[in-house]
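For the numbers below, each heavy atom of this structure counts, side chains included, while hydrogens, waters and symmetry mates do not. Every value quoted in this text rests on a predicted model; they were computed, and no experiment measured them. This chain uses plain numbering: 1 for the first residue, then up along the sequence.
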Amino acid sequence: MRDSVTDERTDVVATRDGYDAMAERYVAFVEGLMDRQPFDRAMLRVFADVVRGPVVEVGCGPGRITAHLDALGVEISGIDLSPEMIRLARTAYPGLSFGVAAMEDLDLPDGSLGGIVAWYSIIHTPPEHVPAILSKFARALTEGGHLLLAFQTVDEPVTVIAREHTVARAYWWSVPGLEEVLRDNGFSTVARMARAADPDEKGPQGYLLATKAR
């Protein structure tokens, strides 16, 4: 009997299998990337400064963002749907806690977290499933808890567009469009940022810091 969204949805299975297959190459690709990403560091620093209480990085991959936030003093653990990514995260950062789980199956007590980080981890989720995930995030956060999102964004006057991706189809959100979905599912925006693409990126990047609405 199927007992999770991971077992049921083909997009989740494709994402899991794709990242399992490319896990070693992905680690090599992101090595040293944080040193070249001042905007990423800035958003993560702000999140670390404002968040209170335990944090979960959802879609943590090989653990580099989890480890970065841990170094900034955040009480954090990570989950990812890819067992191979989690194996690599545990190998690289044995002092941190990582587990295999999909964000669609996130099952945490209500109000148990001070923060959630979803760093480029909703990009493969079809837009119609994003509201349910954000609602789960809101329930898991304490009142006033923080959510940090990073994602590829679009300049066009649209909410979201589908793009091809090495692993699975990706969805690029406009910053205002994703803000609206956040508002409809229990969040208020604290800060927003969009930046131009770096030479090795296919398009502009977006960041949203939101808090659970009171």
Side-chain angles (χ1 to χ4, degrees), residues 11-12 14-48 57-72 74 76 78-93 96 98 103 116-127 130 147-179 191-210:
D11 61 286
V12 179
T15 303
R16 179 196 63 201
D17 293 350
Y19 279 106
D20 272 347
M22 69 172 296
E24 297 278 0
R25 284 178 289 139
Y26 184 85
V27 169
F29 171 74
V30 299
E31 184 176 2
L33 188 61
M34 189 66 71
D35 294 337
R36 308 190 299 274
Q37 298 286 4
F39 295 101
D40 287 20
R41 295 196 306 271
M43 289 302 293
L44 292 166
R45 174 77 263 181
V46 169
F47 177 80
E57 185 190 0
V58 178
C60 66
R64 71 184 186 99
I65 301 298
T66 307
H68 184 82
L69 287 168
D70 174 72
L72 294 177
V74 176
I76 190 167
I79 66 168
D80 198 277
L81 80 169
S82 164
E84 184 62 13
M85 287 289 196
I86 291 299
R87 183 188 69 80
L88 294 172
R90 288 170 173 166
T91 299
Y93 310 107
L96 298 178
F98 296 99
M103 69 180 77
I116 293 174
V117 177
W119 199 258
Y120 295 95
S121 55
I122 66 165
I123 65 170
H124 299 301
T125 302
V130 169
L147 170 65
L148 177 62
L149 301 176
F151 50 98
Q152 289 93 355
T153 190
V154 292
D155 291 328
E156 296 92 336
V158 296
T159 297
V160 61
I161 59 174
R163 292 281 177 89
E164 295 305 311
H165 188 279
T166 306
V167 174
R169 174 164 289 191
Y171 299 90
W172 293 21
W173 289 84
S174 71
V175 173
L178 191 50
E179 278 191 276
R192 66 186 65 81
M193 181 171 64
R195 66 167 175 83
D198 285 340
D200 60 346
E201 294 173 333
K202 295 180 179 179
Q205 311 296 305
Y207 310 81
L208 283 169
L209 178 63

Student: With Val154, which residues qualify under side-chain contact (heavy atoms from CB on, under 4.5 Å), at least two apart?
Tutor: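 If we apply the side-chain contact (heavy atoms from CB on, under 4.5 Å) test to Val154, skipping adjacent residues, the hits are Glu156, Val158, Ile161, Trp172, Ser174.
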Student: How far apart are the C-alpha atoms of Arg64 and Met34, what are their side-chain angles, what is the distance that settles it, and do they pass the side chain to side chain contact (heavy atoms under 4.5 Å, CB included) test?
Tutor: CA-CA 9 Å; Arg64 71 184 186 99; Met34 189 66 71; 3.8 Å; yes
Student: I'd like to know if the side chain of Thr159 reaches the main chain of Gly177, judged simply by a donor and an acceptor atom lying under 3.5 Å from each other, with no hydrogens or angles considered.
Tutor: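 Answer holds: no.
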Student: Evaluate the side-chain proximity of Arg192 to Glu179: yes if any heavy-atom separation is below 4.5 Å, no if none is.
Tutor: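 Yes. Closest side-chain heavy atoms under 4.5 Å.
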Student: Could you pull out the closest heavy-atom pair between Ala23 and Glu84, with the gap in Å?
Tutor: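 Heavy-atom minimum between the residues: CB-CG, 3.4 Å.
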Student: Can you list everything that forms a side-chain contact (heavy atoms from CB on, under 4.5 Å) with Asp11? Sequence neighbours excluded, please.
Tutor: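 By the side-chain contact (heavy atoms from CB on, under 4.5 Å) rule, Asp11 matches Arg9, Pro126.
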Student: Would you give the length of the straight line joining atom CD1 of Ile65 to atom CG of Leu148, rounded to the nearest 0.5 angstrom?
Tutor: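 Reported to 0.5 Å precision, the distance equals 9.0 Å.
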Student: Would Gln205 and Asp40 count as a side chain to side chain contact (heavy atoms under 4.5 Å, CB included) if you check the C-alpha gap in whole Å, the side-chain angles of each, and the deciding distance to 0.1 Å?
Tutor: CA-CA 10 Å; Gln205 311 296 305; Asp40 287 20; over 6 Å; no
Student: Search all heavy atoms of Cys60 against all heavy atoms of Gly78 and return the closest pair with its distance.
Tutor: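 Nearest pair, atom of Cys60 first, then Gly78: SG-C, 3.7 Å.
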Student: With Phe39, which residues qualify under side-chain contact (heavy atoms from CB on, under 4.5 Å), at least two apart?
Tutor: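 In terms of side-chain contact (heavy atoms from CB on, under 4.5 Å), with neighbours along the sequence ignored, Phe39 is linked to Met193, Arg195, Tyr207.
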Student: Among Leu81, Ile116, Asp80, which one satisfies side chain to side chain contact (heavy atoms under 4.5 Å, CB included) with Val58?
Tutor: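 Only one of Leu81, Ile116, Asp80 forms a side chain to side chain contact (heavy atoms under 4.5 Å, CB included) with Val58, namely Ile116.
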Student: Verify the neighbour count for atom CD of Glu31: are there more than 12 heavy atoms of other residues, nucleotides or ligands below 6.0 Å?
Tutor: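 Open.
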Student: Apply the test side chain to side chain contact (heavy atoms under 4.5 Å, CB included) to residues Val160 and Leu178: give CA-CA distance (whole Å), side-chain angles for both, the deciding distance (0.1 Å), then the verdict.
Tutor: CA-CA 8 Å; Val160 61; Leu178 191 50; over 6 Å; no
Student: Working to the nearest 0.5 Å, report the span between CD1 of Ile76 and OG1 of Thr66.
Tutor: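 It comes to 4.5 Å.
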Student: Restricting to non-hydrogen atoms, name the atom on Ser121 and the atom on Met103 that form the minimum distance, rounded to 0.1 Å.
Tutor: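 Taking Ser121 first and Met103 second, the nearest heavy atoms are O-CE, 2.6 Å.
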Student: For Ala191, what residues pass the side-chain contact (heavy atoms from CB on, under 4.5 Å) criterion, not counting sequence neighbours?
Tutor: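 Residues passing side-chain contact (heavy atoms from CB on, under 4.5 Å) with Ala191: Leu209.
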Student: Output all residues satisfying side chain to side chain donor-acceptor pair (under 3.5 Å) with Thr125, sequence neighbours left out; order by chain, then residue number.
Tutor: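 Once residues adjacent in sequence are excluded, Thr125 has no partner under the side chain to side chain donor-acceptor pair (under 3.5 Å) criterion.
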Student: For a side chain to side chain contact (heavy atoms under 4.5 Å, CB included) check, start with the C-alpha distance between Tyr26 and Val167, then their side-chain angles and the critical distance, and finish with the verdict.
Tutor: CA-CA 11 Å; Tyr26 184 85; Val167 174; over 6 Å; no
Student: Spell out, as yes or no, whether a donor-acceptor pair under 3.5 Å connects the side chain of His124 to the backbone of Arg169.
Tutor: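 Yes.
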Student: As an exercise, state the distance from CG of Leu208 to CZ of Phe151, rounded to the nearest 0.5 Å.
Tutor: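 These two atoms lie 4.0 Å from each other.
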Student: CH2 of Trp173 to OG1 of Thr153: how many Å apart, nearest 0.5 Å?
Tutor: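 Going from the CH2 atom of Trp173 to the OG1 atom of Thr153 covers 11.0 Å.
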Student: Mind checking side chain to side chain donor-acceptor pair (under 3.5 Å) for Glu24 and listing every partner two or more places apart, or none if nothing turns up?
Tutor: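 For Glu24, the residues satisfying side chain to side chain donor-acceptor pair (under 3.5 Å) (neighbours in sequence not counted) are Arg87.
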Student: Would you check if Tyr93 and Asp70 make a side-chain contact, meaning some heavy-atom pair closer than 4.5 Å?
Tutor: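 Contact flag for Tyr93/Asp70 side chains = no.
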Student: On a heavy-atom basis, which atom in Ala197 and which in Gly203 lie closest, and how many Å separate them?
Tutor: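 For Ala197 and Gly203, the tightest heavy-atom pair comes out as CB-O, 3.1 Å.
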Student: Quick one: NE2 on His68 to CZ on Arg41, what's the gap to the nearest 0.5 Å?
Tutor: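 The distance works out to 7.5 Å.
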Student: Do the ring planes of Tyr19 and His165 sit parallel (below 30°), tilted (30 to 60°) or perpendicular (above 60°)?
Tutor: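 Rings of Tyr19 and His165: tilted, as their planes differ by 30° to 60°.
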Student: Kindly give the heavy-atom pair with the smallest separation between Val175 and Gly206, and that separation in Å.
Tutor: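 The pair with the smallest heavy-atom distance is CG2-CA, 4.4 Å.
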Student: Give a yes or no on whether the backbone of Phe98 and the side-chain of Arg90 come within a donor-acceptor separation of less than 3.5 Å.
Tutor: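 At least one qualifying donor-acceptor pair exists.
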Student: Do Trp119 and Leu44 have side chains that approach each other closer than 4.5 Å (heavy atoms only, starting at C-beta)?
Tutor: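 In contact.
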Student: Which pair of heavy atoms, one from Leu96 and one from Ala67, lies closest together, and at what distance?
Tutor: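 Looking at all heavy atoms of both residues, the shortest contact is CD1-CA, 3.7 Å.
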